[in-house]
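First the structure, in the form of structure tokens, and then the observations on it.
Naming: A, B, ... by sequence-line order, numbering from 1 per chain.
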Protein chains: 2
Amino acid sequence: MVLAESAASARPTGDEPRSRILMAAGKEFAERGFEAATVREICLAAGVNVAAVNYYFGDKQRLYIESVKHAHQARVRQVPLPEWPQGTAPARKLHDYVATMLERMLGLGQSPWQMRLMMREVLQPTAACRELAQDYMRPQFAVLVGILGELSAGRLSEAELRRVAISVIGQCFFYRAAGGVVGMLVPSEEIEVLHTPQELADHVTRYALAALGAAPPLGTATPAHARPRVKR
Amino acid sequence: MVLAESAASARPTGDEPRSRILMAAGKEFAERGFEAATVREICLAAGVNVAAVNYYFGDKQRLYIESVKHAHQARVRQVPLPEWPQGTAPARKLHDYVATMLERMLGLGQSPWQMRLMMREVLQPTAACRELAQDYMRPQFAVLVGILGELSAGRLSEAELRRVAISVIGQCFFYRAAGGVVGMLVPSEEIEVLHTPQELADHVTRYALAALGAAPPLGTATPAHARPRVKR
DNA sequence: AATCGCTTCAAACAGACGTTTGCCACGATT
DNA sequence: AATCGTGGCAAACGTCTGTTTGAAGCGATT
């Protein structure tokens with residue numbers, strides 16, 4: 001009946017049962033959803049006994065909540081927002097912000113199962129999501145609203161800024177969430193070449209800048225050096 | 001072993017077992033997901049025997065696929081795209097398109113459980129989704145690309161048009177999919193007043209028009225009569 | 001009246017699920 | 001050396017799952 005995180009009972013490395021279960025559970029929950037994921041599969045993948053889940057987390061539900069929080073924190077730490085020196089152009093900040101968001105979601109390197117898990121949560125919020133929104137998403141959202149405020153130079157109200165921010169996030173979100181369907185709507189060769197995190201970040205940023213009047217409209221011939229594309 | 005849709009064996013009204021099962025299944029699958037929804041609950045809600053599902057649909061999987069298709073068709077029929085007389089301004093068409101899409105997703109009147117079901121499918125496509133994308137989504141997507149093509153007057157390539165189209169759809173999608181989280185990020189009084197299908201349609205349309213240079217940038221003072229807001 | 005096909009039903013089926021149990025191994029403490 | 005608590009394990013528990021079964025009900029046809 002010893003619940004997790006009890007005492008300072010030596011928890012040095014990262015490959016102990018508890019961590020291994022969290023990792024395996026995150027992947028399983030992300031792939032199959034809460035109900036379809038089975039404790040047996042998770043424990044098999046983690047290389048522990050079936051009883052370990054109940055031993056370390058109490059029950060499946062609490063394992064799930066811990067997995068969601070663990071996954072989000074891990075992903076944010078993997079792909080953090082850059083720190084901008086004072087005076088950085090807001091257009092640059094916006095591009096960085098969007099690129100970071102897309103990088104987190106679409107992820108180079110390892111497939112970001114963490115984000116698939118988050119998608120499920122966002123789609124159908126549980127207690128885990130409410131906690132996450134308050135602690136982590138809200139401040140990140142405020143950063144974006146701040147950048148957009150700089151860009152609009154006071155011409156937009158806070159409410160309007162929030163709407164634009166949601167538009168920006170919505171696009172990033174969509175590429176991740178509905179990637180499968182997008183792949184059915186556009187030619188596959190276009191996907192490979194245009195639907196990379198970098199290309200999409202350029203597009204979303206440009207789209208927002210143009211809408212705010214901070215860049216010429218799409219389709220206007222602009223020399224490459226004037227584009228808001230910033231090397232990272 | 002008689003499978004559904006056999007002969008012309010009198011299927012007049014809409015409250016027969018098959019239809020009742022489809023309806024109840026749609027709601028259950030939308031609310032709980034495929035795995036968590038149980039055949040017993042569905043049959044209880046539909047007022048039929050447990051064996052009816054296997055009698056009419058073979059198994060749970062095929063019931064699910066039929067439910068998804070049924071739900072999508074029903075929702076599209078409930079909220080159809082308007083027919084535009086030749087010469088309709090493309091800005092007007094865009095607004096109508098976005099408004100229709102949002103209306104379908106956010107839905108006035110009854111809560112659109114159909115759309116929650118679609119969201120699940122889009123997030124994790126199954127055979128049902130592939131079929132749906134080919135038959136129904138692709139032509140609708142083409143309509144939007146066409147409208148954007150008119151608006152950009154040939155200044156954008158097909159690939160760029162598709163990206164803009166995805167941006168437009170992505171925003172609509174996000175309001176639906178992540179509505180719960182959005183509610184945690186913006187004040188609730190703002191939600192009620194600004195996050196209605198009409199207001200959002202205005203915003204998304206305006207955002208797109210501004211980005212394409214077909215309307216002044218956001219934040220520019222424009223007299224109300226010049227706004228692309230069209231009464232419906 | 002008897003027969004047929006279609007529909008409905010209660011009951012049972014085998015399997016998978018989350019969870020619990022009791023026992024063993026082992027390092028630290030007494 | 002004996003004791004203790006922790007961590008891990010195989011096996012079992014009861015429940016719930018999707019699905020099947022065989023028998024009835026019932027209107028139309030023969």
Side-chain angles (χ1 to χ4, degrees), chain A residues 1-29 31-68 126-128, chain B residues 1-29 31-68 126-128:
Chain A
M1 263 299 182
V2 174
L3 287 187
E5 302 289 5
S6 55
S9 55
R11 191 149 287 156
T13 83
D15 61 341
E16 303 140 24
R18 202 189 130 92
S19 296
R20 292 210 311 274
I21 294 175
L22 268 182
M23 182 85 105
K27 290 182 186 173
E28 275 292 311
F29 285 137
E31 218 63 39
R32 303 169 120 72
F34 177 76
E35 313 275 348
T38 75
V39 174
R40 279 178 171 82
E41 286 275 354
I42 291 171
C43 291
L44 184 71
V48 301
N49 187 269
V50 229
V53 159
N54 299 74
Y55 179 75
Y56 284 104
F57 298 94
D59 58 12
K60 187 186 180 184
Q61 178 78 33
R62 263 169 296 186
L63 168 61
Y64 176 75
I65 294 180
E66 288 300 314
S67 297
V68 172
T126 71
Chain B
M1 267 293 183
V2 174
L3 288 187
E5 302 289 7
S6 55
S9 56
R11 191 150 288 157
T13 83
D15 61 341
E16 304 138 25
R18 203 188 130 91
S19 296
R20 291 211 310 274
I21 295 174
L22 268 181
M23 183 85 105
K27 290 182 185 172
E28 276 291 311
F29 285 136
E31 218 64 37
R32 302 169 120 73
F34 175 77
E35 313 275 349
T38 75
V39 174
R40 279 177 171 81
E41 286 274 354
I42 291 170
C43 291
L44 184 70
V48 300
N49 187 270
V50 229
V53 159
N54 300 74
Y55 180 75
Y56 283 103
F57 298 94
D59 57 12
K60 188 188 179 184
Q61 178 79 34
R62 265 171 295 188
L63 168 61
Y64 176 74
I65 294 179
E66 289 300 313
S67 297
V68 172
T126 71

For a quick test of reading the model, state the closest non-hydrogen atom pair linking [X] to [Y] and the distance between them.
X	Y	value
A45(A)	A24(A)	CB-CB, 4.0 Å
R18(B)	F57(B)	NH1-CE2, 3.5 Å
F29(A)	K60(A)	CE2-CE, 4.0 Å
A52(A)	I21(A)	CB-CD1, 3.8 Å

Would you mind reading off the distance between [X] atom [atom1] and [N] atom [atom2], rounded to a whole angstrom?
X	N	atom1	atom2	result
I42(B)	dT19(D)	CD1	C1'	14 Å
R20(B)	dT8(C)	CZ	P	8 Å
F57(B)	dT20(D)	CZ	P	15 Å
I21(A)	dG8(D)	CD1	C1'	11 Å

Phosphate oxygens OP1/OP2 of dC9(C): is one of them under 4.0 Å from a side-chain N or O of Y55(B)?
no
Under the side chain to side chain contact (heavy atoms under 4.5 Å, CB included) rule, what do V48(A) and Y56(A) come out as? Steps first, then yes or no, please.
CA-CA 11 Å; V48(A) 301; Y56(A) 284 104; over 6 Å; no
Could you tell me if the side chain of L22(B) sits less than 4.5 Å from the side chain of L63(B), heavy atoms only?
yes
Reading nucleotides 15-28 of chain C from the 5' end, what letters show protein touch, with B for base, S for backbone sugar-phosphate only, - for no heavy atom under 4.0 Å?
--BBBBB-------
